[in-house]
Amino acid sequence: MSLFSLRPAKRPLRRVVLLGATSAIAEQVARRLVAQGASLYCVGRQPQKLDALLDDLNVRAGSAQRIDGSCADLTDSARHAELIDAAEQHLGGIDAVLIAHGTLPDQQACSADANTALEQINTNALSVISLLTHLANRLEQQQHGVIAVIGSVAGDRGRQSNYVYGAAKGMVAIFLQGLRNRLAGANVAVVTIKPGFVDTPMTAGLNKGGPLWATPERVAQGIVRAMHKGANVVYLPWFWRPIMLIIKHIPEALFKRMSL
Ligand SMILES: NC(=O)c1ccc[n+]([C@@H]2O[C@H](COP(=O)([O-])OP(=O)(O)OC[C@H]3O[C@@H](n4cnc5c(N)ncnc54)[C@H](OP(=O)(O)O)[C@@H]3O)[C@@H](O)[C@H]2O)c1
């Protein structure tokens, strides 16, 4: 906190690791961070998509900024420590991390087959928890940093149309609550990002348009702001906070009869 202002100082985002960097939202976050002078280490699953992202970011970056990355399927938790080592070495330290990867499952397929449900829980929750465990220990040791994770409003309440995805995002949100509590004394901010509907490839199968839909650019702006602030839980856009407050408080006796 500055002596002259009640506003907390902005957390520096100079050396940032993006996991799931080729996601439409993460790509916009990357562009904003590069425009602010950050160096980035980007992890994406598909080599072609990752190369295209890195080429684009390198064109935007100044000569003092370092932009690099590597390919990984993030469900391969055996590689997590090695990936974080590579990021740390490349950047010369880590100020912040954004975990962005995820999949939007077909709920009917998950309902029909337990293995499909478990695969989705693995991608959207267990792989994230593994990464968070490695990252938390490192950032706790260095006594500074920001850990941000893209969750979802879907994690606030289970609904028949997507409760496997919602359960995974909800698990991560509870894990982050505990981690935030643990790391508060170590000067490490833990930021839970809860977007609503965002127009990205993930939602290609949904009917888009209308006031509840946001662009990845708008959501990315909110993510970067929240990371600088070291915010706790952020709904993006902001109007999802009151919407979810209402949805969370609908009595179960009524909620179970609703078609959501
Ligand atoms: N779009 C929305 O409405 C919305 C709303 C709330 C929350 N979110 C969350 O926002 C985050 C970003 O999603 P998005 O909307 O930007 O969608 P997106 O463009 O489809 O991005 C999803 C990314 O996750 C990556 N991914 C999936 N499984 C992976 C794995 N096993 N290993 C490594 N990478 C993997 C995908 O890689 P590939 O390119 O290789 O497939 C893709 O880059 C996700 O966590 C999502 O749940 C999205």
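Each ligand, and each atom within it, is numbered from 1 in the order the structure gives. Please read all numbers here as calculations on a predicted model, not as lab measurements.
Inclusion of Lys49 in the set of residues having an N or O under 3.5 Å from an N or O of ligand 1 is warranted. Considering backbone and side-chain atoms alike, Gln46 places an N or O below 3.5 Å from some N or O of ligand 1. Residue Ile25 has at least one nitrogen or oxygen atom sitting less than 3.5 Å from a nitrogen or oxygen atom of ligand 1, judged on distance alone. For ligand 1, one of its N or O atoms has an N or O atom of Tyr165 under 3.5 Å away. In terms of polar-atom proximity, defined here as any N/O pair under 3.5 Å, Thr200 does make such a contact with ligand 1.
A heavy-atom separation below 4.0 Å is found between Lys169 and ligand 1. Heavy atoms of Ala26 come nearer than 4.0 angstrom to ligand 1 in no pair at all.
In the vicinity of Thr203, heavy-atom distances shorter than 4.0 Å reach the ligand 1 atoms 1 (N), 2 (C), 3 (O). Ligand-side atoms of ligand 1 in range of Phe197: 3 (O), range being under 4.0 angstrom from any heavy atom. Ligand-side atoms of ligand 1 in range of Thr103: 27 (C), 28 (N), range being under 4.0 angstrom from any heavy atom. Atom numbering of ligand 1 starts at 1 in the shown order; those under 4.0 Å from a heavy atom of Gly196 are 3 (O), 4 (C), 5 (C), 6 (C). Those atoms of ligand 1 with a heavy atom of His101 less than 4.0 angstrom away are 24 (O), 25 (C), 26 (N), 34 (N), 35 (C), 45 (O). Near Ile150, the atoms of ligand 1 lying under 4.0 angstrom from a non-hydrogen atom of the residue are 9 (C), 10 (O), 11 (C), 45 (O). Close approach of ligand 1 to Asp73 is summarised as follows: ligand atoms under 4.0 Å from at least one heavy atom of the residue are 30 (C), 31 (N), 32 (N). If you number the atoms of ligand 1 from 1 as listed, the ones under 4.0 Å from a heavy atom of Pro201 come out as 19 (O).
Scanning the protein for heavy atoms near atom 23 (C) of ligand 1, the closest one is Ser23 CB, 3.5 Å. For atom 43 (O) of ligand 1, the nearest protein heavy atom (residue, atom name, distance) is Thr22 OG1, 3.0 Å.
Of all heavy-atom pairs spanning Arg157 and Lys248, the tightest one is NH1-O, 3.4 Å. A pairwise comparison of heavy atoms in Met244 and Val153 identifies CE-O, 3.4 Å as the closest pair. Between Leu131 and Ile84, the shortest heavy-atom distance links the atoms O-CD1, 4.3 Å.
Among Gly20, Ala220, Gly102, Ala100, the residue whose heavy atom sits closest to atom 24 (O) of ligand 1 is Gly102. Taking each of Gly151, Ser127, Cys71, Ala72 in turn, the one with a heavy atom nearest to atom 7 (C) of ligand 1 proves to be Gly151.
Partners of Ser127 under the side chain to side chain donor-acceptor pair (under 3.5 Å) rule, at least two apart in sequence or in another chain, are His101. Every residue meeting the salt bridge (charged side-chain N to carboxylate O under 4.0 Å, His left out) condition with Lys194, not counting sequence neighbours, appears here in chain and number order: Asp156.
No hydrogens or angles considered: nothing links the side chains of Thr116 and Gln120 as a donor-acceptor pair under 3.5 Å.
A salt bridge links Arg182 with Glu140: the distance from a Lys NZ or Arg NE/NH1/NH2 to an Asp or Glu carboxylate oxygen falls below 4.0 Å.
The proximity of Asp199 to ligand 1, defined as any non-hydrogen pair under 4.0 Å, does not occur for either the backbone or the side chain.
Residues Val172 and Asn124 have side chains not in contact (no heavy-atom distance under 4.5 Å, counting atoms from C-beta outward).
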